[in-house]
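Atoms within each ligand, like the ligands themselves, are counted from 1 in listed order.
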Amino acid sequence: MTDCKNAATHFVDRHVSEGRGDKLAFREADGKQRDITYAQLADQTARAAAAFRKVGINREERVALLVLDQQEMPVLFWGALKAGVIPIPLNTLLAASVYDVILRDSRAVALFVSESLYPVVAPALQDNPFLREVIIIADDAPQGAITYDAFMQGAEPAQTVETSEDEIAFWLYSSGSTGQPKGVKHVHGSLCATADTYGAHVLGIREDDVVYSVAKLFFAYGLGNGMTFPMSVGATAILFSGRPTPDVAAEIMDIHKPTIFCGVPTLYAAMVHYWEDGKALPDTKLRTCISAGEALPEEIGKKWFARWGVDILDGVGSTEMLHIFLSNRPGDVIYGTSGLPVPGYDVRLVDEDGADVGPGGVGELLVSGPSAADGYWNNRGKSRSTFEGHWTRTGDKYERTETGRFIYCGRTDDMFKVSGIWVSPFEVEQALIAYPAVLEAAVVAWRDEEGLEKPKAFVVLKPGHGESELDELKEFVKQKIGKWKYPRWVEVVKDLPKTATGKIQRFKLREGA
Ligand code: 3SK
């Protein structure tokens, strides 16, 4: 296994000492369209490490990165690791109230923020007792913040601190079943472990690859695809800060010629539709496509292959395991399944009593492997029930076929994913009932015409209110909790099915799905 004592040495500096300093590490596909080589990255990350110290940010303190997919993201992430500071990449699609919770929970001492995201997070910065610095990636800083250039100004390259492979390197926030975000702590060694397993054995990533991941770097799936896997071999990654619609993704493929494309089922479905009418495909050099976040519908995988002539390797991962641990492989794809365990990982299916479930049965998926998180921050109960010795509980229900393939069956609780990101029905319900016309609400996963899950709400309205307010209600929820979480359908009902103790019986609402 790779020496990962300080992961930054392996992923960044090694390329310079091994003669790949002039190789392009990142190319921006938008904005100022900047390039950065491995040598420039090594230099800038060493300066960023010094800049952390210069502004008084110490080893083991946390810094939040609310940063779009742009060059500053890898510079700050690896610069922090070099200084022993713990970066926390944040989902860029959240609402101020959620940033407030995360910033307080993590006690981040600094926030780095892309210019366009500052107005969203600003309300959460007002009374935060932990933040000492706000650094904005912009030409000018609002009051109380400094610019990124001012942060870097005068910082001479610093030595990388020596860490242990088992030392916490970074956190990611994952939403729990109550919608309460949980800080997932990952160690240096896990970054090398995912590159040595999925990166090497499933992707077969090489130095001459060009990777384009529509999943952003703040997401565990995107962090591996768009940063650590290409950097594990000195390959190039394309960064795009905007929303990846089918036409935009196609343009990026046409111009930048990625050899590896990392998508999510919603985008693959949209792309399949976009080219269904015979429109010319972009001229690409694709050799592999991958998918994760939610199960890829069989139809979409087959249609994609028929049109593009390249398979999609569908896989399953989690923020807790850092990347994919169950996947289809090149030359061995069965659409509608999540494939086989990735080399380096073991999986088991267990029933409610913890007994192993054999072929044909359905059980909860447990996984064991070298990239499991160290635990959740300040949440011992949840850490103990999720990380059981070497096994990590996924909360996903699976069936194993006679041939050893795994087929996704749903969640053990009511959580579901939209565009690869967890949605808690509870959180959406709270947002719905915050709207003045709504008396009660229940939310379930509902399949759209592509077979992908989206939130559907059942609402009981207060007297005097009617259907004409439903569009405004959707917009209200979108603004309150995030763009992807709003209910795509809202059905008005007289009352909600409940148990004798008043718990909503969501399964009864789902029966019509
Ligand atoms: O959801 C997934 O499938 C996934 C895959 C890789 C890394 C992280 C996640 C959540």
Side-chain angles (χ1 to χ4, degrees), residues 88-91 93 170-177 181-186 190-199 201-203 205 211 213-230 232 260-268 288-297 300-301 312-328 337-342 344-345 347 364-367 369-373 376 386 392-398 406-413 415-424 445 452-453 484:
I88 312 176
L90 298 185
N91 184 336
L93 305 169
F170 66 102
W171 297 6
L172 294 171
Y173 267 84
S174 141
S175 10
S177 53
K182 298 188 294 292
V184 181
K185 301 180 288 172
H186 278 291
S190 291
L191 290 167
C192 294
T194 52
D196 287 346
T197 54
Y198 182 83
H201 295 289
V202 177
L203 275 186
I205 192 152
V211 182
S213 171
V214 300
K216 305 293 184 192
L217 298 174
F218 67 75
F219 187 33
Y221 177 52
L223 190 81
N225 304 335
M227 194 162 80
T228 56
F229 297 161
S232 69
I260 299 180
F261 176 66
C262 312
V264 291
T266 319
L267 183 69
Y268 282 118
T288 302
C289 298
I290 66 167
S291 181
E294 58 188 319
L296 181 76
I300 301 297
I312 302 175
L313 311 178
D314 188 23
V316 189
S318 69
T319 305
E320 286 77 358
M321 293 305 291
L322 191 53
H323 213 271
I324 293 174
F325 48 83
L326 199 58
S327 183
N328 285 279
T337 82
S338 306
L340 301 164
V342 170
Y345 293 85
V347 299
E364 185 185 349
L365 183 73
L366 269 55
V367 54
S371 57
Y376 298 115
T386 302
T392 301
R393 299 195 85 100
T394 64
D396 283 331
K397 285 204 181 243
Y398 268 85
F406 287 81
I407 300 178
Y408 180 68
C409 301
R411 288 291 295 168
T412 49
D413 52 26
M415 296 280 292
F416 57 98
K417 283 183 171 181
V418 174
S419 303
I421 307 179
W422 287 117
V423 172
S424 156
L452 299 172
E453 290 184 334
W484 76 95

request  = Output yes when a side-chain donor or acceptor of K417 lies under 3.5 Å from a complementary backbone atom of G293, and no otherwise.
outcome  = yes

key: Short side-chain donor-acceptor distance under 3.5 Å, S174 and Y376   = no

request  = Determine whether the side chains of S291 and Y268 contain a donor N or O and an acceptor N or O closer than 3.5 Å.
outcome  = no

What are the distances between nitrogen or oxygen atoms of ligand 1 and protein nitrogen or oxygen atoms, counting only those under 3.5 Å?
from	atom 1	to	atom 2	distance (Å)
ligand 1	1 (O)	K417	NZ	2.3
ligand 1	3 (O)	G293	N	3.0
ligand 1	3 (O)	G317	N	3.0
ligand 1	3 (O)	G317	O	3.4

request  = Under the side-chain contact (heavy atoms from CB on, under 4.5 Å) rule, collect the residues that match up with V214, sequence neighbours excluded.
outcome  = Y212, P244, F261, L267

inquiry  = Restricting to side-chain contact (heavy atoms from CB on, under 4.5 Å), what partner residues turn up for A195, sequence neighbours left out?
reply    = F11, F229, S232

key: Pairing residues for K397 by the side-chain contact (heavy atoms from CB on, under 4.5 Å) criterion, not counting sequence neighbours   = E352, V362, C409, T412

